[in-house]
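Within every chain, numbering begins at 1; the chains are lettered A, B, ... in the order of the sequence lines, protein sequences first and strands thereafter. Just so you know, these numbers come straight off a predicted model, no measurement behind them.
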Number of protein chains: 2
Amino acid sequence: MKELTKQQSKVLACVEVYLNKTGFPPTRAEICKELGFKSPNAAEMHLRALEKKGYIAIQSGSSRGISVVKSQQNFTQSPDQMPVIGLVAAGSPTLAEENIEKRIPCDPNMFADSFDYFLKVKGLSMIEAGIHEDDLVAIKKTTDVKNGDLVVVRLEDEVTLKYFKQNNHNLELIPANKDFSIIEVDLREQEAFVEGKSVGLIRTH
Amino acid sequence: MKELTKQQSKVLACVEVYLNKTGFPPTRAEICKELGFKSPNAAEMHLRALEKKGYIAIQSGSSRGISVVKSQQNFTQSPDQMPVIGLVAAGSPTLAEENIEKRIPCDPNMFADSFDYFLKVKGLSMIEAGIHEDDLVAIKKTTDVKNGDLVVVRLEDEVTLKYFKQNNHNLELIPANKDFSIIEVDLREQEAFVEGKSVGLIRTH
DNA sequence: TTATATACTGTAAAAATATACAGTATAAAT
DNA sequence: ATTTATACTGTATATTTTTACAGTATATAA
């Protein structure tokens, strides 16, 4: 099987992801939108190349007439098992096997945004936001967070779940419980690592 | 899940076979050709019926925008699309398509107990249990509930989510908000229908 | 007897989509 | 220095496809 160029590989992945999410293949225009191309012909050329190399088949004249012949990644057909990580007092939440308490079968796209793992909540600092002890907060690994986001932040070796608010070098980590006080950090004096942000929550009754 | 008519069943099978063979869904015209209809509207009507009964989802305006939600055969392994139902003021929560606000890809076994649908929470009566407006409560259809369970109960045409407590003919539906009062029902005087119980909760941030 | 649901035909317009053609730009190969 | 392959933009058009509307026919329920 012939090698794919970087862009061809991206296009194939895009088709596969779309197919997985919607159940039918994307149009040229949709591929463009996803990958940032400005001409439908960009997608067309890549698709033709993928066809030539035997990765897809194109039904000429049919809309969305793409079928994936040889998948790049092996999509697991069974439901994903998303890991649950305890909010350990020390160190970053890592996906190392020893930190995974258990796994929950669910779709990483079940919330508005995709997520990477569940964080098990300890303590009552966010209770007024309806976040209880042992709730599982779905975390997307990212450093791209805005004021007001519910974020996972590491200070020294302490990991915490709080609302995020930053003005220049002044970082505030805001709890949702009047018995707790705001954590203020001067970023010139102390480092803070944003591990990710919450995109959702689940709780077992 | 509602029963299908003979023709609807044929159309669903046709879609599934086509999907299996080509990798993308058929158009109305192709369904007609396959099943011998002479008008694309014949296929259209059957597809709309299948959508209403929850077997497929149709992406409006998209060509071939059909995704099979609930397969007749059991060969689609894609993650289940669990329905979200609004807590309507009147009548039971039903799974008829007109009551389904959207669907969420997730595993029906993600909680300790399996569930049938999500109920979208209205109001603040359970806020002290960390259940907010617009949270989605996972409901298992059952009448087998115990005191202390979080249940969906219908009184007359009112559907409500409360804690369950019953002593003989005396039923109490207990909110989790000090501004709300307990609903007391004498079962000799008034009927109460237990629609199901909550097995979990999800919230999108 | 009059609805009501199922099950279509036939037509047509609007919208979505594939796809051809004419270019531009860049890097690597010859 | 010129070709060749990759990687696009931009435009236009023919075709595909959805979808609304107006009917017809039949069986079943109220």
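A pairwise comparison of heavy atoms in A:Cys32 and A:Ala43 identifies SG-CB, 4.0 Å as the closest pair. Taking all atoms of both residues into account, the shortest heavy-atom contact from B:Thr204 to A:Phe111 is OG1-CD2, 3.4 Å.
Backbone-only engagement by A:Gln7 is indicated by non-hydrogen atom pairs under 4.0 Å involving sugar-phosphate atoms exclusively.
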side-chain contact (heavy atoms from CB on, under 4.5 Å) between B:Glu30 and B:Arg64: does it pass, once the steps are laid out?
CA-CA 10 Å; B:Glu30 284 161 352; B:Arg64 302 177 188 271; 2.9 Å; yes

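In terms of phosphate contacts, A:Ser62 brings no side-chain nitrogen or oxygen within less than 4.0 Å of OP1 or OP2 of C:dT17. Between A:Arg28 and C:dT17, a side-chain N or O to OP1/OP2 separation shorter than 4.0 Å is absent. One finds a side-chain N or O of A:Arg48 lying less than 4.0 angstrom from the OP1 or OP2 phosphate oxygen of C:dT19.
Salt bridge A:Arg48/A:Glu51: present, at least one basic N to carboxylate O contact under 4.0 Å. Using a cutoff of 4.0 Å between basic side-chain nitrogens and carboxylate oxygens, B:Lys122 and B:Asp134 are scored as salt-bridged. A salt bridge is absent between B:Asp116 and B:Lys141: the closest approach of a Lys/Arg side-chain nitrogen to an acidic carboxylate oxygen does not fall below 4.0 angstrom.
Atom-to-atom, NZ of A:Lys38 to P of C:dA25 comes out at 15 Å; the value is rounded to the nearest Å. Per the geometry, CD belonging to A:Glu44 stands 12 Å off P belonging to C:dC21, to the nearest Å. In this structure, CG of A:Leu47 is placed 9 Å from P of C:dA18, rounded to the nearest angstrom. Counting to the nearest Å, the C1' atom of C:dA5 and the NZ atom of B:Lys6 are 17 Å from each other. Rounded to whole Å, the distance from CG on B:Asn41 to P on C:dA13 is 16 Å. Separating the CE atom of B:Met45 from the C1' atom of C:dT11 is a distance of 15 Å, rounded to the nearest angstrom.
Place A:Ser39 and B:Ala29 on DNA chain D by their nearest nucleotides, and A:Ser39 ends up nearer the 5' end. Each of B:Thr5 and B:Arg64 lies near DNA chain C, and the nucleotide nearest B:Thr5 is the one positioned closer to the 5' end.
Mapping heavy-atom proximity under 4.0 Å, the span of DNA chain D touched by chain A runs 5' to 3' from D:dA7 to D:dT17.
For residues 186-205 of chain A, no pair satisfies ring-ring contact (aromatic ring centres under 6.0 Å, His included), with sequence neighbours left out.
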